[in-house]
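Working notes, structure below.
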Amino acid sequence: MSSFYSSDSDNEPSYYHQSLYSRQRPLYDIFGGGKVADVLLWRNKNLSASILIGFTTIWFLFEVLGYNFITLLSQITILMMLFVFIWSYGAGFVDRSPPDFHIVTIPESTFKWLLDKTNWLLQKLYKISSGKDLTTFFLAITSLWVLSTIGNYFSSLNLLYIGFVCLATLPAMYQRYQYEVDRLVKQGKTDMKKLYMKLDSKFLNKIPRGPTS
């Protein structure tokens, strides 16, 4: 598993986007750098695997065993509090320091990364909806329609879990097979443009348009 997610240069990012992004930036920088990028690109394989296993366990408890959210959250909180209590209470007997509060806090960089990506997505959708690139607009509409159709056959939890698994695996796979993926994306864009040109010449061009002035 570890060799699958590793790249030839684990320490320094050397992959650049040319087809999927307008600017040449390392994939590591696009994901904000820091711990978030380390997790998504499997630079810290133990942490990435632990998070994936943790989310898989939560999905299994909810979807397969039928756990209630409040029940599971309460039981997890009880276990965490008992763990911290035993550790803090027994630290004096084994000559060890009590647990550090910072180990249970979520770094601000995580929220900043999520906020930045949310704003980027909203700006991207707004730009696509402006009508400047009809090919991208129709492709986005089609993709969202396919996603809504798929949503009729899966529960929200399953969709969230599938999305998380894709987020936890696809970036690392793309970093390893970037050139092959970029080639396929470029070919796909070319095919979409050809399809749009055919639709434009046969149907869209024949639609009556009002005066431009």
Side-chain angles (χ1 to χ4, degrees), residues 1-11 13 15 17 20 26-87 99-121 143-178 180-181 184-185:
M1 176 69 72
S2 60
S3 60
F4 177 80
Y5 289 104
S6 62
S7 62
D8 294 334
S9 56
D10 285 340
N11 295 326
Y15 293 89
H17 295 261
L20 300 184
L27 189 60
Y28 185 83
D29 291 343
I30 289 176
F31 286 113
K35 293 183 178 180
V36 174
D38 289 339
V39 170
L40 294 179
L41 298 179
W42 288 72
R43 291 175 178 271
N44 189 338
K45 297 179 179 61
N46 292 332
L47 180 59
S48 299
S50 299
I51 293 176
L52 183 59
I53 292 173
F55 272 85
T56 302
T57 302
I58 293 175
W59 170 83
F60 181 81
L61 292 174
F62 280 124
E63 193 66 23
V64 179
L65 299 184
Y67 256 77
N68 180 274
F69 176 75
I70 300 298
T71 301
L72 180 62
L73 181 63
S74 300
Q75 292 181 357
I76 291 177
T77 305
I78 290 173
L79 291 175
M80 290 179 60
M81 293 180 66
L82 286 175
F83 175 76
V84 174
F85 174 79
I86 294 174
W87 188 355
D100 185 5
F101 170 76
H102 295 90
I103 65 174
V104 295
T105 58
I106 301 176
E108 295 182 3
S109 59
T110 302
F111 292 101
K112 184 179 182 303
W113 180 82
L114 290 174
L115 182 61
D116 290 342
K117 292 305 174 184
T118 302
N119 289 333
W120 174 86
L121 178 61
S143 301
L144 291 173
W145 178 78
V146 171
L147 182 62
S148 66
T149 303
I150 295 175
N152 292 327
Y153 301 96
F154 294 91
S155 66
S156 299
L157 180 61
N158 282 332
L159 283 177
L160 288 175
Y161 177 68
I162 292 173
F164 171 79
V165 171
C166 291
L167 183 63
T169 55
L170 293 183
M173 292 177 62
Y174 174 72
Q175 185 183 46
R176 185 173 179 84
Y177 302 104
Q178 175 184 356
E180 291 82 355
V181 173
L184 291 175
V185 171

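Here the structure is a predicted model, which means the values were calculated and not measured.
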Heavy-atom closest pair, residues Leu72 and Leu61: CD1-CD1, 3.6 Å
Rounded to the nearest 0.5 angstrom, the CG-OG1 distance for Leu52 and Thr57 is 9.0 Å
Test side chain to side chain contact (heavy atoms under 4.5 Å, CB included) on Phe164 and Ile51 and set out the steps. CA-CA 10 Å; Phe164 171 79; Ile51 293 176; 3.6 Å; yes
Between Phe60 and Thr56, is any pair of side-chain heavy atoms under 4.5 Å apart? no
CD-CD1 distance between Gln75 and Ile70, expressed to the nearest 0.5 angstrom: 12.0 Å
Separation between NZ of Lys117 and CG of Leu121, rounded to the nearest 0.5 Å: 10.5 Å
Residue Tyr67 excluded, over 12 heavy atoms near OH under 6.0 Å: no
Note: Val165 and Thr169 closest approach over all heavy atoms is O-OG1, 2.6 Å
Just how far is it from atom CD1 of Ile58 to atom CG of Leu73, taken to the nearest 0.5 Å? 10.0 Å
Taking all atoms of both residues into account, what is the closest heavy-atom pair of Phe62 and Asn68, and its distance? CE2-C, 3.7 Å
Tightest non-hydrogen contact, residues Pro171 and Cys166, listed as CD-O, 3.5 Å
What pair of heavy atoms forms the shortest contact from Ala172 to Trp42, and how long is it? CB-CD1, 3.7 Å
Passes side chain to side chain contact (heavy atoms under 4.5 Å, CB included), Tyr161 versus Leu157? Steps please. CA-CA 6 Å; Tyr161 177 68; Leu157 180 61; 5.5 Å; no
Measure the spacing between CD1 of Ile78 and CE of Met80 and express it to the nearest 0.5 Å. 12.0 Å
How long is the straight-line distance from OG1 of Thr71 back to CD1 of Ile76, given to the nearest 0.5 Å? 11.0 Å
Residues passing the side-chain hydrogen bond (donor to acceptor under 3.5 Å, both in side chains) test with Asn44, sequence neighbours excluded, are none
